[in-house]
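All values below were derived from every heavy atom in this structure, side-chain atoms included, with hydrogens, water molecules and symmetry-related copies excluded. When a ligand or atom number is given, it counts from 1 through the structure's own listing order.
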Amino acid sequence: MSFFEIHDPAFGAYVLGNAPVKRLATGFDWVEGPVWFGDLGCLLFSDIPNNRILRWTEDGVTTFRQPSNYANGHTRDRQGRLISCQHGTRSVTRTDWDGSVTVVADGFDGKPLNSPNDVIVTKDGSIWFTDPHYGISTDYEGFRATQELPCQVYRIDPTGSIEAVITDMACPNGLAFSPGESRLYVADTGRMFHSDPQHIRVYDMVGGRPVNGRVFHTISPGCADGIRCDSDGNLWSSAADGVHCIAPDGHLMGKILVPELVSNICFGGRAKHRLFITASTSVYSVILNRNGVQWP
Ligand code: MG
């Protein structure tokens, strides 16, 4: 069987025909937020309904943190520290090297955030995160609470100040910068559990802020949740049938077929060419012929 579906002949050079999509671990309830720690040789990821962050190594899976305050997306900052989105505390947190956890954002305009979902850090050290309502409107991903803010994308300055940088989306979810940070991609999952059209939007970065937002690509089947760029500027996105690779001009290059609904992805491994995939109840990986660029 093939693990890949080629839509553009150029995609043939992006994958290794004999590289399998491996299931690394399974038995979870709903996994998201993979983040690679090459220095520790491990992958951290969230099992949201079970309120825990797990650690995968070649030796197996252990618990990193439980309870995790229903953590979802993760990344690392410029110092390599873990940055996490937490539904349970409606906050973004940083875990320092001594293990202490610091809240870096839990509100805007005097109101509590909804449920921070996904997060990335740019070269200037600012933290960008999405704040849809899923964690407070579904029992499965968190708990129920009153939504007081629209679903927006925020930027936390290195000084700690927070601003809303994207306010024109229904439910911003995954996000990724292009190489060089000239473009910002954000997945809009809309009403995730209904049939509304869902798409990935792209913004040009001007003066360090996203402008000129427009539809970049519509994933089918399913919708985009987690997204990451490779070093050529291709965007890799979660989908219902696997991971889709989309060229910078928005056309579908090809697919990695995964037997479960994919939520999030991240590049890792020694050469940053191993794609880790969280998909429903399992974690998968596949070696690609492309390197990830998204920090970390
Ligand atoms: Mg997400």
Side-chain angles (χ1 to χ4, degrees), residues 28-36 43-54 68-76 82-93 105 113-121 127-143 147 151-154 166 169-177 184-194 196 198-201 216-217 219 222-229 235-240 242-244 258 260-267 275-284 294:
F28 315 114
D29 278 355
W30 179 253
V31 287
E32 298 226 31
V35 58
W36 176 247
L43 181 83
L44 298 184
F45 60 98
S46 300
D47 181 6
I48 302 179
N50 290 309
N51 199 12
R52 58 184 177 172
I53 301 171
L54 298 169
S68 63
N69 294 316
Y70 297 97
N72 185 336
H74 305 280
T75 193
R76 300 178 72 180
L82 177 67
I83 305 292
S84 302
C85 294
Q86 299 185 168
H87 292 175
T89 53
R90 304 170 73 169
S91 66
V92 177
T93 64
L113 297 172
N114 299 322
S115 50
N117 188 292
D118 210 344
V119 60
I120 50 179
V121 173
I127 298 169
W128 296 60
F129 70 97
T130 57
D131 188 40
H133 60 74
Y134 301 122
I136 54 172
S137 61
T138 65
D139 292 325
Y140 199 54
E141 287 199 12
F143 63 98
Q147 179 179 348
C151 301
Q152 305 182 117
V153 179
Y154 296 95
I166 296 178
M169 297 180 68
C171 263
N173 199 320
L175 70 178
F177 278 96
L184 172 63
Y185 298 97
V186 187
D188 192 339
T189 38
R191 292 187 300 149
M192 187 183 283
F193 304 111
H194 301 271
D196 304 52
Q198 296 140 338
H199 54 240
I200 300 168
R201 292 175 67 79
F216 171 70
H217 182 91
I219 292 289
C223 63
D225 185 345
I227 50 178
R228 286 289 182 266
C229 273
L235 187 71
W236 300 73
S237 171
S238 63
V243 178
H244 295 191
V258 178
E260 294 183 77
L261 177 71
V262 174
S263 58
N264 287 166
I265 55 177
C266 77
F267 284 93
L275 189 70
F276 290 94
I277 302 164
T278 53
S280 301
T281 66
S282 307
V283 177
Y284 297 82
Q294 183 60 55

Compute whether any side-chain donor of one residue and acceptor of the other, for S137 and Q147, lie under 3.5 angstrom apart.
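No, Q147 and S137 have no side-chain donor paired with an acceptor closer than 3.5 Å.
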
Closest approach to the Mg ion (ligand 1) by D225, given as the N, O or S atom name:
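Relative to the Mg ion (ligand 1), the closest nitrogen, oxygen or sulfur of D225 carries the name OD1.
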
Residue of the set E32, H74, R52 for which side chain to side chain donor-acceptor pair (under 3.5 Å) holds with S46:
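Only match with S46 under side chain to side chain donor-acceptor pair (under 3.5 Å): H74.
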
Can you tell me if an N/O/S atom from S263 lies under 2.8 Å from the Mg ion (ligand 1)?
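Given the 2.8 Å cut-off, S263 does not count as a ligand of the Mg ion (ligand 1).
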
Presence of N, O or S from N117 under 2.8 Å of the Mg ion (ligand 1):
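Short answer: yes, at least one N, O or S atom is under the cut-off.
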
Can you confirm whether or not the ring centre of F276 sits under 6.0 Å from the ring centre of W36?
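Yes: the rings meet the under 6.0 Å criterion.
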
Do the rings of F28 and F45 sit parallel, tilted or perpendicular, given the 30° and 60° boundaries?
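F28 vs F45 ring planes: perpendicular.
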
